[in-house]
Undergrad: 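Input: one structure, supplied below.
All ligand and atom numbering here is 1-based and tracks the order in the structure. Numbers for residues simply follow the sequence, beginning at 1. On a predicted model such as this, the values are computed, not experimentally measured, just so you know.
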Amino acid sequence: MDQPAAPPRIGDLAPDFEARSTVGPVRLSAHRGRWLVLFSHPADFTPVCTTEFVALAREADAFARRGCDLMALSVDSLFAHFAWLRMIRDRFGVEVRFPIIEDPTLVIARAFGMVCAADRDSGAVRSTFFIDPHGVIRAMTCYPANLGRSIPEMLRILDGLQAVDAKGALAPANWHPGDPLLEQPGHDLDAVFDAEEATAWFLRETGPAA
Ligand code: BEZ
């Protein structure tokens, strides 16, 4: 896998890769046609990561209903992943069935900018990439090792991206499904002067998102 000069940004094609995972070999580009949430975690058998995996496994159907696959990644070996998943099943009663990739050389983590090029381990990594059905990175989040991600916020990001795509519209602050979206602002000076209200040419609701 080529190492990019700079980490990918929103709007870039996600770097393709093949890897071993807990459900067999995976290839990122095999998910074209569906949404994909690719996320890294610092290490198996750590407290915050364990809570994230339990929460994500419990919400796996909510991602599936949105046409979205989940794919996790860490530096740990496949056998560490297996042992951790068995422990999670026994302790919390949930089976993590989405793939967890092993990335012992950090080659994938580096291609995605999940670790700083100078880092010798993946201890600082809690990155999430929201990849659309065309393989384009549409949103990314990065949390520190000591703060777990919000699964409702991950679902809200997906809902927001899918809603703005469906309507060609914009999602305002604190948007949730069912809330109005915003129209794209105009680029026409006559519309600016003709608008009845001073903000109406650039800040206008479209009605509830479907
Ligand atoms: C955790 O998931 O709890 C964790 C991972 C790496 C460093 C510190 C905490």
Side-chain angles (χ1 to χ4, degrees), residues 1 3-4 6-10 14-15 17-26 28 31 35-64 66 68-131 137-159:
M1 176 174 205
Q3 295 295 295
R9 301 160 76 126
I10 288 174
F17 61 81
E18 267 186 65
R20 292 205 311 176
S21 87
T22 48
V23 300
V26 291
L28 185 127
H31 292 263
W35 287 81
L36 177 68
V37 172
L38 171 69
F39 62 101
S40 60
H41 64 283
D44 298 348
F45 296 103
T46 48
V48 177
C49 296
T50 301
T51 63
E52 286 187 331
F53 274 67
V54 170
L56 278 164
R58 288 188 172 139
E59 289 294 338
D61 285 351
F63 286 88
R66 289 159 171 83
C68 181
D69 299 325
L70 294 168
M71 189 185 283
L73 174 151
S74 90
V75 68
D76 292 302
S77 74
L78 202 50
F79 300 106
H81 293 337
F82 285 143
W84 187 39
L85 296 191
R86 174 62 201 251
M87 184 282 294
I88 287 175
R89 205 279 306 267
D90 290 358
R91 168 72 174 75
F92 297 97
V94 292
E95 293 189 357
V96 176
R97 291 288 181 173
F98 54 81
I100 309 180
I101 292 167
E102 65 170 359
D103 186 26
T105 58
L106 293 177
V107 70
I108 302 169
R110 288 199 205 287
F112 276 82
M114 292 165 168
V115 282
C116 167
D119 283 354
R120 274 178 290 142
D121 64 45
S122 63
V125 178
R126 212 179 282 288
S127 298
T128 310
F129 292 80
F130 297 81
I131 300 170
I137 296 170
R138 298 289 303 280
M140 340 186 223
T141 65
C142 190
Y143 284 47
N146 56 3
L147 176 64
R149 283 163 281 215
S150 161
I151 282 62
E153 175 60 4
M154 289 167 75
L155 290 168
R156 192 193 76 94
I157 290 172
L158 257 182
D159 285 333

Undergrad: Looking at residues at least two apart in the chain, or sitting in another chain, which of them share a side chain to side chain donor-acceptor pair (under 3.5 Å) with D44?
TA: H41, H81
Undergrad: Which of the numbered atoms in ligand 1 are below 4.0 angstrom from a heavy atom of V48?
TA: 1 (C), 2 (O), 3 (O)
Undergrad: Kindly confirm or rule out an N or O of C49 lying under 3.5 angstrom from an N or O of ligand 1.
TA: yes
Undergrad: As a check for students: among G148, S74, A145, P47, identify the option with a heavy atom nearest to atom 8 (C) of ligand 1.
TA: A145
Undergrad: Check ring-ring contact (aromatic ring centres under 6.0 Å, His included) between F98 and all other residues, then give those that pass, not counting sequence neighbours.
TA: F39, F53
Undergrad: Quick one about T141 and R149 (side-chain donor to acceptor, distance below 3.5 Å, no hydrogens or angles considered), yes or no?
TA: no
Undergrad: What's the verdict on side-chain contact (heavy atoms from CB on, under 4.5 Å) for M154 and L56, showing C-alpha distance, side-chain angles and the deciding distance?
TA: CA-CA 10 Å; M154 289 167 75; L56 278 164; 4.0 Å; yes
Undergrad: Hey, does E52 sit under 4.0 Å from ligand 1 if you only count heavy atoms?
TA: no
Undergrad: Out of N146, T46, T51, indicate the one that has the non-hydrogen atom closest to atom 5 (C) of ligand 1.
TA: T46
Undergrad: Looking only at heavy atoms, which two atoms of A43 and T46 are closest? And how far apart?
TA: O-OG1, 2.7 Å
